[in-house]
Amino acid sequence: MADVNPFVYSRPLAPEDVLDREPEIRQLLSLAAGGHYVRLYAPRRFGKTSLLGKAFAEAERGGELVPVLVDLYGVLSYADVTIRIERAYAQLKGTIRKTIEAILRTTGLGLSLGAPGISVKLQLEPRTDPLPALHALLDLPQRVAERSGTRVFVALDEFQDIAKVQDFDKLLRSHIQHQGESASYIFCGSEPGMMRELFDVKGRPLYGQAEPLRLGRLPDGEVAAYIAERFARTKRSADLVLDALLATARGHPQRAMLLAHRLWDEVGPGKAADEDDWQNALARTRNQVAAEFDALWRGLEANEQRALRAIALFPEAPYGARALGAVDLKKSGAHYAVRSLLAKGELEEESGRTVFVDPLFELWLNDVQRGREDAPL
Ligand SMILES: Nc1ncnc2c1ncn2[C@@H]1O[C@H](COP(=O)(O)OP(=O)(O)OP(=O)(O)O)[C@@H](O)[C@H]1O
Ligand SMILES: [Mg+2]
C-alpha cells in the first residue's frame with residue numbers, strides 16, 4: 001500500500017472521512033424531509049460542503065430524495081446562476097437523470113445535462129437571455145416530483161454570493177414558495193453579515209424563511225481520536241504531541257487537518273512524532289498560511305486591524321483602557337470594527353467573549369506584533 005498522507009485539508013471531504021456532524025446531519029435531513037428550508041451557517045472552512053456531501057450520501061442511500069448541490073461561489077449574473085444550477089443537475093445519475101433530461105428537452109431552451117448544455121449556448125451566444133432557462137431550472141423540482149414522486153433536495157452552497165445578483169432572491173422565492181410538497185432547500189453560507197442581510201431583514205424576499213443551523217468547532221476528543229486513528233493506520237503515532245496540536249487548532253476543522261497533515265509529513269513510517277517534529281510542522285504551517293493572512297490583513301480597515309490587535313494582545317479585556325490605549329483605538333471605534341469583523345466571520349462570540357475564528361490568524365498576528373525575525377511582514 002502506498003504511504004499516502006491521510007489528512008485532506010484543501011477540499012471538501014469524501015463522506016466517509018467526515019468526522020462526526022451526525023446531529024447536524026440528522027437535523028438537516030429531518031427538516032428537509034418535512035419540506036422546511038434550512039439556513040446552514042458556518043465560518044469559512046468549517047466543513048459546510050463536506051457536511052452537505054455526507055448528508056446527501058445518506059439521503060441518497062435512503063432513496064427518498066433527489067440531491068442537487070449547487071455551488072454559487074463567485075456568481076455575478078443570472079447567466080452564472082443558470083449555468084451553476086444546470087451543472088448541479090448534471091451530477092445526477094441513473095433513472096432520475098433520464099427523467100430530468102426528458103423534462104428539459106420539452107422546454108426547448110437548450111438545457112441539457114450532457115456536454116452541450118446552456119453554458120455552451122450562453123458562451124457562444126452571449127446575448128442569449130438566460131431568464132427563460134433559469135425559470136425552467138427553478139421549476140424543475142416541481143416537475144421532477146410530479147413525474148418521479150421523489151422530493152428534490154436542493155442545497156445552495158455559498159449562497160451569500162447571490163447578493164451580487166440583483167433580485168435573485170426575489171426570483172427564487174417566487175418559485176420555491178410553491179414547492180413545499182416537491183422540494184426542500186438548504187441555503188449555505190459563510191458570511192454571517194450577508195446571510196443576516198438576506199434572511200433577517202424585514203422586507204427581503206427570504207425574510208424569516210429558513211430554520212437556522214450553525215456548524216461549530218469540532219470537539220477536541222473527537223479530533224484527537226480521528227488523528228490518532230489515521231496515524232496508527234499509516235504506522236505512525238502522534239500521541240506525544242497531540243495535545244499541542246489540539247491546543248493550537250482549537251477545534252477549527254480545517255486548521256486541525258492542516259496541522260495534522262504537516263505533522264504527518266515530518267514523521268517517517270514506524271516512528272512517533274516528537275516535539276521537534278511538531279515544531280517543524282507548526283513552522284511549516286505558519287509559512288504556508290502567511291501569504292493568505294497578509295492579503296487578508298491588507299484588506300482590512302485600520303480600525304479593524306487595531307481591534308484585532310487589541311484582542312490578540314488582551315484577549316481577556318480587549319475593550320479595556322489598557323488594550324485600547326495600546327492600539328490607539330477609541331471605544332466606539334472598537335465596537336464598530338468588531339461588529340464588522342463579526343459580520344465578515346473573522347471573529348465570533350464564544351461564551352461572552354470575542355475570539356478569533358481562525359487560531360492561525362491569531363498566531364500570525366502575534367508573530368507580527370512581536371516583530372519576530374522570521375515573522376512574515
Ligand atoms: N467534519 C470534518 N471532519 C474532518 N475534517 C473536516 C470536517 N469538516 C471540515 N474539515 C476540514 O476542513 C476542510 C474544508 O472543508 P469544506 O470544504 O467542507 O469546508 P467549507 O466550510 O465548505 O469551506 P469553504 O468555506 O472554503 O467553502 C476539509 O478539507 C477538512 O480538512
Ligand atoms: Mg464550501
Side-chain angles (χ1 to χ4, degrees), residues 8-75 80-81 83-93 96-97 100 137-138 140-141 144 150-162 169 172 176 179 182-192 194-195 198-199 206 209-218 222 226 252-254 256-257 345:
V8 170
Y9 65 86
S10 58
R11 57 174 188 277
L13 300 176
E16 63 275 14
D17 288 329
V18 176
L19 166 61
D20 191 41
R21 301 299 196 203
E22 284 303 326
E24 289 90 350
I25 290 175
R26 269 308 81 63
Q27 200 182 348
L28 198 68
L29 291 178
S30 90
L31 285 165
H36 302 287
Y37 302 151
V38 182
R39 148 188 166 193
L40 176 67
Y41 164 74
R44 284 178 53 218
R45 295 188 285 219
F46 262 45
K48 298 173 295 298
T49 309
S50 300
L51 174 134
L52 289 175
K54 189 173 181 186
F56 275 10
E58 289 188 16
E60 261 183 314
R61 228 175 296 132
E64 294 129 44
L65 296 161
V66 179
V68 180
L69 175 54
V70 185
D71 182 3
L72 294 169
Y73 180 79
V75 292
D80 288 345
V81 177
I83 293 169
R84 300 300 176 82
I85 300 181
E86 187 193 47
R87 290 303 93 195
Y89 279 98
Q91 305 303 312
L92 294 170
K93 300 191 171 62
I96 197 71
R97 182 186 176 98
I100 293 172
L137 286 169
L138 292 175
L140 204 46
V144 172
T150 320
R151 179 180 282 280
V152 181
F153 186 179
V154 185
L156 301 165
D157 201 3
E158 305 289 353
F159 188 69
Q160 74 253 325
D161 287 5
I162 65 112
D169 51 350
L172 182 65
I176 68 180
Q179 298 179 356
S182 53
S184 306
Y185 286 86
I186 305 174
F187 308 98
C188 197
S190 54
E191 270 182 58
M194 292 309 301
M195 291 295 273
L198 288 164
F199 291 96
L206 296 171
Q209 292 271 334
E211 194 84 16
L213 181 61
R214 193 182 187 293
L215 271 191
R217 293 172 195 264
L218 293 171
E222 305 210 16
Y226 184 98
H252 186 302
Q254 194 269 353
M257 294 305 139

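Here the structure is a predicted model, which is why all the values come from computation and not from measurement. All values below come from the heavy atoms of this structure, side chains included, with hydrogens, waters and symmetry mates left out.
Side-chain contact between R39 and F159 is absent, with no heavy-atom pair separated by less than 4.5 Å. Residues V18 and L51 have side chains not in contact (no heavy-atom distance under 4.5 Å, counting atoms from C-beta outward). With contacts defined as side-chain heavy-atom distances shorter than 4.5 Å, the pair D71/E158 qualifies. Between M194 and D161, every side-chain heavy-atom pair lies at or beyond the 4.5 Å cut-off. The shortest side-chain heavy-atom distance between I186 and L213 does not fall under the 4.5 Å cut-off. Counting heavy atoms from C-beta outward, Y226 and D20 have side chains that stay 4.5 Å or more apart. With a 4.5 Å cut-off on side-chain heavy atoms, P141 and Y185 count as touching. Taking the side chain as every heavy atom from C-beta outward, L156 and I162 never approach each other to under 4.5 Å.
In terms of heavy-atom proximity, G35 sits nearest to S184 at CA-OG, 3.8 Å. Shown here for P67 and L92, the closest heavy-atom pair between the two residues is O-CD2, 3.3 Å. Between A183 and R151 the shortest heavy-atom distance is O-NH1, 3.0 Å. When all heavy atoms are compared, the tightest approach of F199 to L206 is CD2-O, 3.5 Å. Nearest heavy-atom pair across A55 and L29 is O-CD2, 3.8 Å. Between Q160 and L198, the shortest heavy-atom distance links the atoms CA-CD1, 4.1 Å.
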From CA spacing to verdict: side chain to side chain contact (heavy atoms under 4.5 Å, CB included), V81, L72: CA-CA 7 Å; V81 177; L72 294 169; 4.3 Å; yes
Side chain to side chain contact (heavy atoms under 4.5 Å, CB included) between H252 and F46, intermediate numbers included: CA-CA 7 Å; H252 186 302; F46 262 45; 3.5 Å; yes
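Remark: L40 CG to L31 CG distance equals 11.0 Å, nearest 0.5 Å. Here L218 contributes atom CG and L19 contributes atom CG; the two are 5.0 Å apart, rounded to the nearest 0.5 Å. With rounding to the nearest 0.5 angstrom, the CZ atom of F56 is 11.5 Å from the CD1 atom of I25. Remark: L138 CG to I85 CD1 distance equals 4.5 Å, nearest 0.5 Å. In this structure, R21 CZ and L52 CG are separated by 11.5 Å, a value rounded to the nearest 0.5 Å. To the nearest 0.5 Å, the span separating CG on L137 from OH on Y89 amounts to 7.5 Å.
Applying the salt bridge (charged side-chain N to carboxylate O under 4.0 Å, His left out) test to every pair with at least one member in residues 8-18, sequence neighbours left out, gives these pairs: D17-R230. Applying the salt bridge (charged side-chain N to carboxylate O under 4.0 Å, His left out) definition to pairs two or more places apart or across chains, those involving residues 41-53 are R45-E292.
Remark: Y41 pairs with no residue by the ring pair (Phe, Tyr, Trp, His ring centres under 6.0 Å) rule, at least two apart or across chains. In this structure D80 satisfies the side chain to side chain contact (heavy atoms under 4.5 Å, CB included) test together with V75, L76, S77, sequence neighbours excluded. Residues satisfying the salt bridge (charged side-chain N to carboxylate O under 4.0 Å, His left out) criterion with R214, sequence neighbours excluded, are E348. Applying the salt bridge (charged side-chain N to carboxylate O under 4.0 Å, His left out) test to D169 and every residue at least two apart in sequence or in another chain returns R204.
In this structure, the side chain of E211 does not engage the main chain of V38 through any donor-acceptor pair within 3.5 Å. Side-chain atoms of Y37 come within 3.5 Å of backbone N or O of I176 as a donor-acceptor pair. The closest donor-acceptor contact from the side chain of R84 to the backbone of Y73 lies under 3.5 Å.
The existence of a salt bridge linking K54 and E58 is excluded, since no basic side-chain nitrogen approaches an acidic carboxylate oxygen closer than 4.0 Å.
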